[in-house]
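Read through the structure below, which is laid out as structure tokens, and then see the notes.
In what follows, every heavy atom counts, from backbone to side chain, and hydrogens, waters and symmetry copies are set aside. Counting convention: from 1, in listed order, for ligands and their atoms alike. For clarity, every value in this text was computed on a predicted model and none was experimentally measured.
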Amino acid sequence: MKLPITQAGWLLGASLLACAGVAGAQTLNLYSARHYDADEQLYAAFTEATGIEVNLLEGNADQLIERIRREGAASPADVFMTVDAARLYRAETAGILAPVESEVLEQRLASELRHPDNLWFGFSSRARLIFFDPDVYAEAPVQTYEELADPRFQDEICIRSSSNDYNQSLVASLIAAHGVEATEEWAEGLVSNLARQPQGGDTDQIRGVAAGECSIAVANHYYWVRLQLSDNAADQAVAEGTAPFFPNQAGRGTHRNIGGAAMVDGSRNPDAARAFLEFLTTDEAQRFFALGNHEFPVVEGVQPPEVVQAFTEYSLDPLDISVLGDNNAEAVRLMDRVGWR
Ligand code: FE
């Protein structure tokens with residue numbers, strides 16, 4: 001594998017020199033809601049590049065946010081990592097994040113992937129797809145999320161509950177595109193098309209299609225990739241029995257979300273925290289980071305891992321990710337009003 005010395009790499013080196021001058025900055029306390037094997041390689045690569053050891057505390061995103069909040073000024077946390085704009089928004093509104101000023105982050109990450117005040121940064125992207133039963137439909141029965149509300153799909157759709165962050169962010173993106181009123185009408189139509197009460201996670205929606213309980217489902221792309229790559233023949237059959245589709249290609253693009261990270265307010269190792277965030281934008285780290293969960297690298301020019309190569313040829317909605325947080329509360333209220341359980 002070639003490791004080109006990028007401009008960012010050079011800048012990273014410069015900021016690490018600054019960091020080397022800070023006594024006791026050789027450990028980074030990372031609170032992460034991610035737990036993928038490839039992440040271990042990522043931390044090892046960071047330690048090798050910087051000499052900074054990574055101390056990892058894993059947990060559920062909301063528990064980690066609560067823990068950091070409770071620990072307050074005594075919190076050893078330097079960096080918080082999680083997925084989905086809605087969770088980053090909760091961390092932001094809990095007041096546990098601190099801004100990071102970095103030319104590397106500004107240059108390597110598109111502005112839509114960064115919080116406007118640099119409170120968090122997106123390092124990978126994921127797409128929320130529509131899956132259909134190829135035995136029922138020879139071709140995708142819809143081109144857009146909007147069409148999922150069409151009465152012709154009565155009793156056909158599987159989607160998880162409105163308490164799920166991924167769905168809240170999807171609805172937040174529809175609010176950005178159409179406004180609250182039109183999105184509420186859409187959600188009402190969607191709910192009346194449900195094949196069953198919302199239940200389970202994203203994978204369960206895909207399984208619902210394979211089992212014939214529904215003919216259309218909504219789920220993030222990597223759940224399907226996981227089934228496809230599974231050692232389990234039954235899982236592989238589920239992937240084969242369902243067809244992924246990228247909606248809204250003719251318009252704004254498929255709904256995009258991110259995996260992100262942020263510096264924790266009160267971090268005692270702010271230089272190490274910044275170095276870690278900057279490291280996540282290197283070509284090497286981008287590949288590891290994406291590989292962990294079959295996501296897409298976000299830095300331009302970085303070759304995506306082969307398993308998701310075919311998935312990266314579609315256009316994703318360039319909507320500013322922070323808008324998903326801004327619209328979150330409105331999305332939750334709207335889903336509640338239409339009886340989306
Ligand atoms: Fe997920």
Side-chain angles (χ1 to χ4, degrees), residues 30-40 42 56 58-65 80-91 113 120-131 145 158-173 198-210 217-230 232 235 238-239 242 244-247 254-262 280 286-298 304-305 307-308 311-312 314 316-317 319 321 324-325 328 331-332 335 340:
L30 175 63
Y31 282 33
S32 177
R34 288 169 55 97
H35 36 84
Y36 307 118
D37 292 343
D39 286 13
E40 297 294 331
L42 183 69
L56 180 65
E58 285 185 330
N60 153 303
D62 287 312
Q63 286 164 359
L64 291 177
I65 292 170
F80 171 66
M81 268 210 305
T82 189
V83 296
D84 200 281
R87 293 185 188 129
L88 289 163
Y89 178 73
R90 281 203 290 282
L113 301 171
W120 47 251
F121 303 86
F123 296 103
S124 63
S125 68
R126 57 236 329 267
R128 196 140 183 82
L129 304 186
I130 291 173
F131 295 86
Y145 299 108
C158 279
I159 190 165
R160 66 199 285 188
S161 84
S162 60
S163 63
N164 169 247
D165 294 308
Y166 305 159
N167 282 340
Q168 291 173 11
S169 291
L170 173 63
V171 172
S173 78
Q199 55 187 263
D202 273 20
T203 307
D204 296 307
Q205 314 313 312
I206 301 171
R207 289 190 194 283
V209 171
V218 176
N220 285 354
H221 80 276
Y222 52 82
Y223 292 100
W224 188 84
V225 175
R226 262 183 227 169
L227 289 165
Q228 188 192 33
L229 298 176
S230 168
N232 182 317
D235 285 347
V238 170
T242 49
F245 181 77
F246 279 74
T254 299
H255 171 56
R256 167 176 71 167
N257 214 311
I258 56 168
L280 294 182
Q286 276 287 295
R287 285 179 58 81
F288 278 134
F289 201 83
L291 199 60
N293 192 28
H294 315 305
E295 291 180 69
F296 317 131
V298 293
V307 288
V308 294
F311 281 75
T312 58
Y314 297 90
L316 303 180
D317 186 351
L319 178 70
I321 295 294
L324 302 178
N328 180 268
V332 171
M335 293 160 101
W340 184 337

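- Of all protein N/O/S atoms, those lying under 2.8 Å from the Fe ion (ligand 1) come to 3.
- Contacts of F246 classified as ring pair (Phe, Tyr, Trp, His ring centres under 6.0 Å), with partners at least two apart in sequence or in another chain: F311, Y314.
- Side-chain contact, S32 with D39: no donor N or O sits under 3.5 Å from an acceptor N or O.
- In this structure, R87 is not positioned above the aromatic face of F80 in the sense of NZ or CZ being under 6.0 Å from the six-membered ring centre and within 45° of the axis.
- Taking the charged nitrogens against the carboxylate oxygens, R160 and D204 have no contact shorter than 4.0 Å, which rules out a salt bridge.
- For R128, the side chain to side chain donor-acceptor pair (under 3.5 Å) test picks out N167, D202, N220, with sequence neighbours left out.
- Taking the side chain to side chain donor-acceptor pair (under 3.5 Å) definition, one finds that Y36 meets it with N293, sequence neighbours left out.
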